[in-house]
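Computation of the quantities below employed the complete heavy-atom set of this structure, encompassing side-chain atoms and omitting hydrogens, waters and symmetry-equivalent molecules. To find a chain, count down the sequence lines: A is the first, B the second, and so on, and within it residues start at 1.
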Number of protein chains: 2
Amino acid sequence: MSIKKTEQITIHDIARALNIDSSTVSRALNDSPRVSSKTKQRILEKATELGYQRNSLASNLRTNKTNTIGVIVPRISRNFFSSVISGIEDTAQEAGYNVIICQSFESLEREKKIMETLMANRVDGILISISMHTVNYDHLKPYLNLGGSIVFYDRPCHFENCSSISINDYKASFQATEHLIQNGCKNIVHFSGPQLIDLYKNRKQGYVDALKKYGLEFNEAYCLESKLSEEDGVIFAKKILEMGHIDGIYSSNDTAAISAVQYLKSQGVNIPKDIAVVGFNNDPISSVIEPGLTTINQPDFEMGKMASTLLINHIENKKTKPESKVLDIELVIRNSSKHN
Amino acid sequence: MSIKKTEQITIHDIARALNIDSSTVSRALNDSPRVSSKTKQRILEKATELGYQRNSLASNLRTNKTNTIGVIVPRISRNFFSSVISGIEDTAQEAGYNVIICQSFESLEREKKIMETLMANRVDGILISISMHTVNYDHLKPYLNLGGSIVFYDRPCHFENCSSISINDYKASFQATEHLIQNGCKNIVHFSGPQLIDLYKNRKQGYVDALKKYGLEFNEAYCLESKLSEEDGVIFAKKILEMGHIDGIYSSNDTAAISAVQYLKSQGVNIPKDIAVVGFNNDPISSVIEPGLTTINQPDFEMGKMASTLLINHIENKKTKPESKVLDIELVIRNSSKHN
DNA sequence: TTTAAAAATACAATCGATTGTATTTTTAAA
DNA sequence: TTTAAAAATACAATCGATTGTATTTTTAAA
């Protein structure tokens with residue numbers, strides 16, 4: 001900040017004006033019991049009079065504590081993530097921590113840059129949902145070596161002594177697929193995310209195992225892998241029409257499911273009669289489209305609160321052992337899956 | 001960060017290891033021409049070897065520059081705002097600035113806290129879309145006195161020598177209302193936001209003046225004021241049913257419009273035949289519901305880029321005069337407004 | 001009133017960088 | 001080889017706070 005020197009009031013200016021020592025000013029401003037209340041009042045008054053504004057850079061440098069946690073998120077625009085963030089902020093604020101939100105946009109490069117910035121700024125801890133392309137964790141190591149704490153949320157990771165919070169993706173997927181099967185689907189396509197990360201691996205496995213349990217053949221061609229964007233949904237919908245005999249879709253997110261549904265409807269396909277659909281995330285949009293989308297609801301806000309709590313425990317009490325929490329999900333049944 | 005002292009490597013450690021002065025190390029790490037390339041290389045190697053991580057707190061304190069801009073946003077979960085943020089980040093990153101995103105959740109109290117934190121952390125500039133309840137700007141003054149730069153975006157404000165970027169809310173509203181009138185609506189209700197801030201005042205005025213122009217009577221009871229949440233949409237829809245003869249709705253956001261539409265549909269009202277509806281924001285959801293929602297599209301990403309550019313200009317070149325930019329909008333016509 | 005204990009305040013070093021100036025070393029011209 | 005200029009490096013102060021220890025002042029008991 002290009003600031004005129006004259007405007008930056010420091011504790012030394014206050015000290016000089018009152019003819020006392022700056023250490024006393026510092027203690028007064030931090031409400032230390034070592035300063036008499038009379039002096040405290042004089043200092044606070046003078047501080048206001050001079051327009052003093054504390055400089056956290058200096059204080060954080062000295063104390064080696066920033067009372068700040070960094071949150072790395074693939075994208076804030078996804079409802080799931082913004083809810084998680086709300087939960088995080090809720091708990092963090094309560095505990096006296098500031099929150100810095102950073103978007104990786106699913107890029108490993110951005111994620112690395114963010115790690116460096118957060119590290120250089122000495123945040124006390126980091127909550128991270130890794131990008132779709134994060135295949136190794138070398139970029140996390142320097143921060144851990146520096147003594148920082150990391151907690152993974154949403155996308156599960158097994159790394160050193162870091163805690164993590166996620167949902168049971170395998171089970172959720174199994175349930176979703178089972179639901180389609182029980183509704184009479186025989187040829188179920190799976191919209192799968194990048195198999196680089198555990199989250200999507202687990203979701204695929206749940207789908208595969210559900211098919212197996214009910215004696216349906218697993219066909220690798222039925223697994224359509226992408227980043228699950230809106231465009232991907234349309235591309236997949238076209239492929240499904242080419243395949244010809246598909247009667248069910250289980251998508252690893254709502255975004256792709258919804259755009260596929262829109263496209264299929266535009267081509268005269270009846271959802272759910274011709275093709276039943278289940279998504280993942282319970283985006284607000286899923287309850288508004290027609291037919292309503294059957295999907296998996298995750299405890300997003302809760303996940304944020306728990307991740308934040310875990311991290312703050314790690315920060316404030318280094319003894320804490322790493323733990324992995326797995327939260328329960330709920331299959332929200334709407335009309336898109338009523339096949340028969 | 002509770003860090004073991006032994007792990008914090010500083011430029012002094014590097015200097016000691018190579019038997020040179022720390023000032024040379026500092027210059028080498030900043031790629032200053034004053035250090036020979038041979039020495040630079042030795043320093044960089046040693047830095048890597050020792051696991052050196054620069055401490056921005058110290059550097060920022062010394063240079064009085066953080067290369068960071070703060071963004072205050074009512075809510076990141078709204079599509080409009082997350083797009084603005086993307087634009088901001090895009091430009092900021094290009095220019096070498098970090099971005100700190102903070103949510104006010106439409107609360108003046110939170111906004112004040114955020115200002116204090118950003119100020120204490122000496123961000124170089126702040127982009128702010130004020131909360132719905134921000135009626136005065138006293139909480140912005142200390143930061144300006146400190147020499148900070150503020151640029152308003154989205155929600156227009158007239159304050160000291162701050163620049164601002166917004167859209168022409170009055171014109172947008174006028175157009176939206178005019179569109180309903182031209183489609184045959186005679187009794188148009190307006191879902192209005194808090195009249196405390198200019199944004200919603202302007203939108204209301206546009207509605208009022210459009211009615212006037214077409215000789216329709218303005219009825220204060222037709223102006224329903226709220227925070228435009230989902231719940232508000234339902235409450236308003238019920239009121240409309242009580243009123244009985246309403247044939248058009250112009251809502252100041254999509255959220256309220258959409259929940260009203262959902263409720264009205266559930267009560268057997270035909271949209272747009274019985275009641276035509278226009279929203280505001282062009283949320284993704286507006287194109288997916290049935291009927292598609294006619295709404296106002298704002299250049300969100302562009303707005304973010306321009307706000308960011310303006311702010312960075314202010315930061316880097318204090319001479320710049322404040323300017324107010326007004327961006328153009330577009331009425332996106334879908335089926336919800338085809339009244340006749 | 002004297003004096004020991006408690007309370008309040010001052011002293012001085014420190015966190016980890018940056019930067020203007022001084023000094024030393026290297027280079028290259030005479 | 002000498003020497004002036006240029007290049008490289010070292011010295012020392014500084015950014016604005018915090019904090020352990022030393023000193024001074026106040027309090028209250030004897």
Side-chain angles (χ1 to χ4, degrees), chain A residues 1-43 46-47 50-67 119-122 124 146-147, chain B residues 1-43 46-47 50-67 119-122 124 146-147:
Chain A
M1 185 152 33
S2 325
I3 280 172
K4 288 173 234 148
K5 275 285 153 50
T6 52
E7 294 179 306
Q8 284 269 36
I9 304 297
T10 72
I11 55 170
H12 303 287
D13 298 314
I14 298 173
R16 205 173 308 118
L18 295 172
N19 203 27
I20 54 177
D21 192 79
S22 59
S23 62
T24 301
V25 175
S26 171
R27 290 196 167 94
L29 294 172
N30 289 307
D31 203 23
S32 153
R34 278 176 61 175
V35 181
S36 72
S37 52
K38 212 179 76 187
T39 309
K40 264 183 201 167
Q41 197 177 337
R42 285 174 62 216
I43 291 174
K46 185 59 80 177
L50 298 178
Y52 170 79
Q53 297 295 340
R54 96 194 123 80
N55 186 324
S56 296
L57 296 174
S59 152
N60 294 345
L61 170 63
R62 184 61 229 271
T63 58
N64 210 21
K65 180 92 172 69
T66 55
N67 285 300
M119 180 160 57
N121 284 289
R122 297 295 192 271
D124 294 334
L146 214 57
Chain B
M1 187 150 31
S2 325
I3 278 172
K4 289 173 234 150
K5 274 285 153 50
T6 53
E7 295 179 306
Q8 285 268 36
I9 304 296
T10 72
I11 56 171
H12 302 287
D13 299 313
I14 298 174
R16 204 173 308 117
L18 295 172
N19 204 25
I20 55 178
D21 193 79
S22 59
S23 62
T24 301
V25 175
S26 172
R27 290 197 167 91
L29 293 172
N30 289 308
D31 204 23
S32 154
R34 278 176 62 174
V35 181
S36 71
S37 52
K38 212 179 74 187
T39 308
K40 266 183 199 167
Q41 197 176 337
R42 286 174 61 217
I43 290 173
K46 186 57 81 178
L50 298 179
Y52 170 78
Q53 297 295 341
R54 97 193 122 81
N55 186 324
S56 296
L57 296 175
S59 153
N60 294 345
L61 171 62
R62 184 60 228 272
T63 58
N64 211 18
K65 180 94 170 68
T66 55
N67 286 300
M119 180 160 56
N121 284 288
R122 297 296 192 271
D124 294 336
L146 214 57

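- Comparing D:dA17, C:dA8, C:dA17 by their nearest atom to the side chain of B:H12 picks out C:dA17.
- Between A:V25 and A:R34, the one whose closest nucleotide on DNA chain D sits nearer the 5' end is A:V25.
- Here C:dT14 sits opposite D:dA17 as a Watson-Crick or G-U wobble pair (both hydrogen-bonding atom distances under 3.5 Å).
- In this structure, D:dT23 and C:dA8 make a Watson-Crick or G-U wobble pair, each of the two defining distances being under 3.5 angstrom.
- If you take CG of B:D21 and P of C:dA22, they are 16 Å apart, rounded to a whole angstrom.
- Applying the 3.5 Å distance criterion, the base of C:dT9 shares no donor-acceptor pair with the side chain of A:R42.
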>> What verdict does the side-chain contact (heavy atoms from CB on, under 4.5 Å) test give for A:N121 and B:T66, after you've listed the backbone C-alpha separation in whole Å, the side-chain angles of each residue and the deciding distance to 0.1 Å?
In response: CA-CA 10 Å; A:N121 284 289; B:T66 55; over 6 Å; no
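- For the pair A:I14 CD1 and C:dT9 C1', the interatomic distance rounds to 16 Å; values are reported in whole Å.
- Picking from C:dA10, D:dG16, D:dA10 the nucleotide with the shortest atom distance to the side chain of B:I20 gives D:dA10.
- Atom NZ of A:K40 is separated from atom P of C:dA7 by 13 Å (rounded to the nearest Å).
- The side chain of A:V35 has C:dT9 as its nearest neighbour among C:dT9, D:dG16, D:dA10.
- Minimum heavy-atom separation, A:R122 to B:R54: NH1-O, 3.1 Å.
- Comparing C:dA10, D:dT19, C:dG16 by their closest approach to the side chain of A:S26 singles out D:dT19.
- Rounding to the nearest 0.5 Å gives a distance of 12.0 Å between CZ of A:R42 and OG of A:S37.
- For A:S36, taking side-chain heavy atoms from C-beta onward, the closest of the listed nucleotides C:dA8, C:dA17, D:dG16 is C:dA8.
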>> Show, in sequence, the C-alpha distance, side-chain angles and deciding distance for A:Q53 and A:I9, and conclude whether the side-chain contact (heavy atoms from CB on, under 4.5 Å) test is met.
In response: CA-CA 7 Å; A:Q53 297 295 340; A:I9 304 297; over 6 Å; no
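- Within the shown strands, C:dT3 is the pairing partner of D:dA28 under the Watson-Crick or G-U definition, both distances less than 3.5 Å.
- Taking atom CG on B:L57 and atom C1' on D:dT14, their separation rounds to 17 Å, with Å as the unit.
- When rounded to the nearest whole Å, the span between CZ of B:R16 and P of D:dA10 equals 14 Å.
- Residue A:S23 places a side-chain atom within donor-acceptor reach of the base of C:dC11, judged by atom type and a 3.5 Å distance cut-off alone.
- Atom P of nucleotide C:dT25 and atom CG of B:N19 are separated by 13 Å, given to the nearest angstrom.
- Counting to the nearest Å, the C1' atom of C:dT19 and the CG atom of B:N60 are 16 Å from each other.
- Checked by atom type and distance alone, the side chain of B:K46 never pairs as donor or acceptor with a backbone atom of B:A15 at under 3.5 Å.
- Applying the 4.0 Å criterion to OP1 and OP2 of D:dA8, one finds that B:T39 has every side-chain N and O outside that range.
- Side-chain atoms of A:D21 and A:S23 include a donor-acceptor pair closer than 3.5 Å.
- Residue contacts for A:N30: at a heavy-atom cut-off of 4.0 Å it reaches the sugar-phosphate backbone alone, with no base atom in range.
- Rounded to whole Å, the distance from CG on B:L61 to P on D:dG16 is 7 Å.
- Contact annotation: side chain of B:R27 to base of D:dT9, donor-acceptor pair absent below 3.5 Å.
- For C:dG16, neither phosphate oxygen OP1 nor OP2 lies less than 4.0 angstrom from any side-chain nitrogen or oxygen of B:S59.
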